[in-house]
Amino acid sequence: MSGPRFRIAPSPTGYFHVGGARTALFNWALARRLGGTFVLRIEDTDAERNRPEWTQGIVDALAWIGISADDPHFEGPYFQSEYAQQHVAAAQRLVEAGAAYYCDMTAADVEARNQAEGNQGYQGWSRDRGLGPGPGHVLRFRVPAGTTIVRDVVRGDVEFDNALIEDFVLLRGNGSPMFLLANVIDDVSMRITHVLRAEEHLSNTPKQQMMWQALGHQPPVWAHLPLLVNEQRKKISKRRDKVALEQYREEGYLPEAMVNYLMTLGWTPKGVEIQPWSQMESEFLLEDVNHSPAFFDLKKLAAFNGEYIRKLSCEQFLAACRPWLLASDAPFPAERFDEQVFLAMAPHIQPRCVTLADAAGVVDFLFLADPVVDEEAWAKTFVSADAVAVLHDVVAAYHLLTEWTAEALKSSLAAVGETRGMKLGKAQAPVRVSVTGRTVGPPLFEALEVLGRTETMRRLRAAEAALA
RNA sequence: GCCCCCAUCGUCUAGUGGCCUAGGACACCACCCUUUCAAGGUGGCGGCACGGGUUCGAAUCCCGUUGGGGGUGCCA
């Protein structure tokens with residue numbers, strides 16, 4: 001009746017960390033494959049952070065990468081929640097079991113005594129003083145003698161000497177629970193069987209394991225995932241790095257690409273790297289997870305995203321790009337956007353996009369009353385008299401065209417270029433700059449075809465006039 | 001300081017004692033294709049941190065060194 005239970009517990013701090021997303025994906029893959037339960041517990045023992053909009057943000061970010069909790073647990077202000085009561089009650093049970101004791105020393109007291117005695121850390125001074133609860137009294141865990149062996153599926157057995165672990169605080173002087181306590185109690189009460197999290201938590205695991213045992217429970221399966229680092233090889237952080245999953249969504253990364261890339265950080269799919277979720281889900285094994293930190297490489301993410309964009313059908317591509325195409329800060333007004341024109345150009349736009357946001361900039365000239373002219377490109381192109389002459393010839397030739405198709409436009413311009421000894425590559429430049437405002441862009445003749453005869457001729461003549 | 005983790009091309013990694021002259025992907029470079037720019041194709045550059053063992057044989061096992069990271073809060 002009770003299968004494996006996995007849980008992620010992101011803190012609602014206003015954004016969802018990509019590292020958290022990777023952890024969530026690993027948990028999700030296992031929960032799905034093993035027919036387990038995915039528990040989402042958005043928590044923070046600081047009530048200030050449990051803001052509903054931040055909590056919703058995490059739910060949305062998870063939904064974006066295809067994850068929806070089987071068993072969600074959110075809360076409002078922590079101190080008024082049932083969870084806080086549970087945590088305090090559990091601490092009480094620890095006291096009764098003799099696994100925790102009260103201490104009236106402040107941090108300053110501890111430091112002073114260490115100074116005097118040349119020690120480091122809290123030395124269990126209040127262990128046998130028989131103090132009861134009271135204002136300013138913290139509750140400390142009584143770390144037993146011996147060693148603690150953490151059985152980690154990805155790292156193997158890791159041994160810790162308990163003598164080196166101080167009697168850590170469970171309840172603050174004001175009676176509020178510490179995160180470490182809250183975390184363990186939630187895991188225990190939610191019957192979590194597998195704890196997968198980043199490696200930064202490995203050092204705290206013996207403390208948590210001792211608490212599980214003191215509470216009379218078998219510890220869960222531990223799995224510490226390699227850290228995600230930046231180019232300086234440091235843990236990626238909000239301050240220095242782009243860590244918010246939401247930001248990647250806003251910049252036009254496809255969730256499938258993001259998921260695929262995130263999965264390759266610390267784990268390698270069999271065969272090719274780019275593969276559908278269903279396959280990764282069926283192959284993911286904790287035992288195959290790497291041990292060393294992984295660099296979150298934007299360039300590789302971009303490559304994945306480009307590949308996923310190219311795999312989209314035209315209709316899917318349009319649907320995916322629509323928010324950026326119709327955005328208020330798009331390079332053209334939303335009312336001038338034409339889906340049919342976009343669809344016609346889509347196959348040429350896709351290979352030119354790294355993100356969905358790039359599309360608008362590739363096709364802007366199609367939806368603008370007048371193209372935005374890049375002055376430098378214009379000057380460079382029309383510095384030669386030949387270019388100006390080609391433009392005149394093309395206007396004349398296009399005027400006489402009976403068929404307004406990419407093929408016809410191309411051969412007509414090729415013929416014009418030939419009379420002046422120019423290859424197509426050179427001859428198309430003046431037309432491209434006149435019509436699109438730039439020297440680079442999607443294939444010209446296809447663009448002219450969808451732009452239409454009237455508008456193309458208008459722009460070509462406007463360019464002629466400007467040059468005169 | 002103490003504890004813990006980690007160590008293969010620039011990056012992500014394959015590799016679990018002979019299939020390794022170390023394979024792939026991203027990045028980079030060159031060429032091809034080509035109406036510009038992309039995309040695509042072909043090829044190239046480039047790595048087992050170091051020192052000792054063990055072994056007939058080591059990227060792979062052991063020890064040490066060095067280097068990197070994480071933890072060590074009345075933060076989460």
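Protein chains get the first letters and strands the later ones, always in sequence-line order, with residue 1 at the start of each.
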What integer number of Å spans the C1' atoms of B:A49 and B:G10?
->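 One C1' to the other, the span is 16 Å.
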If you measure from the P atom in B:C29 to the same atom in B:A22, how many Å do you get, rounded?
->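 Comparing P positions in B:C29 and B:A22 gives a spacing of 25 Å.
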Need the pair for [N]. Rule: Watson-Crick or G-U wobble, both distances under 3.5 Å, any strand; none if unpaired.
N: B:G51; answer: B:C63
N: B:C2; answer: B:G71
N: B:G10; answer: B:C26

Does a side-chain N or O from A:Asn290 land closer than 4.0 Å to OP1 or OP2 of B:A14, or not?
->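 Result: yes.
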Would you say A:His291 reaches B:C5's phosphate, i.e. side-chain N/O to OP1/OP2 under 4.0 Å?
->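 So the side chain of A:His291 is outside the cut-off, no N or O lying under 4.0 Å from OP1 or OP2 of B:C5.
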Sequence neighbours left out, what pairs pass ring pair (Phe, Tyr, Trp, His ring centres under 6.0 Å) with at least one residue falling in residues 289-313 of chain A?
->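 Of all non-adjacent pairs touching residues 289-313 of chain A, those that pass ring pair (Phe, Tyr, Trp, His ring centres under 6.0 Å) are A:Tyr248-A:Phe296, A:Tyr261-A:Phe296, A:Tyr261-A:Phe304.
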Atom-pair distance (CD on A:Glu159; C1' on B:C5), nearest Å |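 After rounding, the reported distance stands at 15 Å.
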Qualifying side-chain hydrogen bond (donor to acceptor under 3.5 Å, both in side chains) pairs, either residue in residues 158-172 of chain A, two or more places apart |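 Listed by first then second residue: A:Tyr101-A:Asp167, A:Arg127-A:Asp167, A:Thr148-A:Asn162, A:Arg172-A:Ser176.
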Please check if the distance between the ring centroids of A:Phe26 and A:Phe284 is under 6.0 Å.
->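 Centroid separation for A:Phe26 and A:Phe284: below 6.0 Å.
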Do the ring centers of A:Phe317 and A:Phe342 come within less than 6.0 Å of each other?
->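 Yes: the rings meet the under 6.0 Å criterion.
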Give me the ring orientation class for A:Tyr122 and A:Trp125: parallel if the planes are under 30° apart, tilted from 30 to 60°, perpendicular past 60°.
->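 Aromatic pair A:Tyr122/A:Trp125 classed perpendicular.
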May I ask you to decide whether [X] forms a salt bridge with [Y], counting only side-chain N to carboxylate O separations under 4.0 Å?
X: A:Glu256; Y: A:Lys311; value: no
X: A:Asp386; Y: A:Lys426; value: no
X: A:Glu376; Y: A:Lys380; value: no

Enter the distance from [X]:[atom1] to [Y]:[atom2] here, rounded to the nearest 0.5 Å.
X: A:Gln275; Y: A:Thr264; atom1: CD; atom2: OG1; answer: 10.5 Å
X: A:His73; Y: A:Thr55; atom1: NE2; atom2: OG1; answer: 14.0 Å
X: A:Arg41; Y: A:Asp186; atom1: CZ; atom2: CG; answer: 4.0 Å
X: A:Glu82; Y: A:Gln86; atom1: CD; atom2: CD; answer: 6.0 Å
X: A:Leu366; Y: A:Glu455; atom1: CG; atom2: CD; answer: 10.0 Å

Should we say atom NZ of A:Lys242 is surrounded by more than 12 heavy atoms from elsewhere, each under 6.0 Å from it?
->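 For A:Lys242, atom NZ is crowded (more than 12 foreign heavy atoms under 6.0 Å).
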Remember a base hit wins even if backbone is also touched, and classify [X] as base, sugar-phosphate or nothing at under 4.0 Å, heavy atoms.
X: A:Glu287; result: nothing
X: A:Gly441; result: base
X: A:Pro442; result: base

Residues from residues 254-261 of chain A lying under 4.0 Å of RNA chain B - heavy atoms =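 Nothing qualifies; none.
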Enumerate the residues from residues 142-158 of chain A whose closest heavy atom to RNA chain B is under 4.0 Å, giving them by residue number; use none for an empty result.
->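 Residues of residues 142-158 of chain A under 4.0 Å from RNA chain B: A:Arg155, A:Val158.
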Going 5' to 3' along nucleotides 22-31 of chain B, which nucleotides have protein heavy atoms under 4.0 Å from the base (write B), which only from the sugar-phosphate (write S), and which from neither (write -)?
-> --BBSS----
Could you write nucleotides 69-76 of chain B as a row of B, S and -, 5' to 3', where a protein heavy atom under 4.0 Å of any base atom gives B, of only sugar-phosphate atoms gives S, and otherwise -?
-> BBSSSBSB
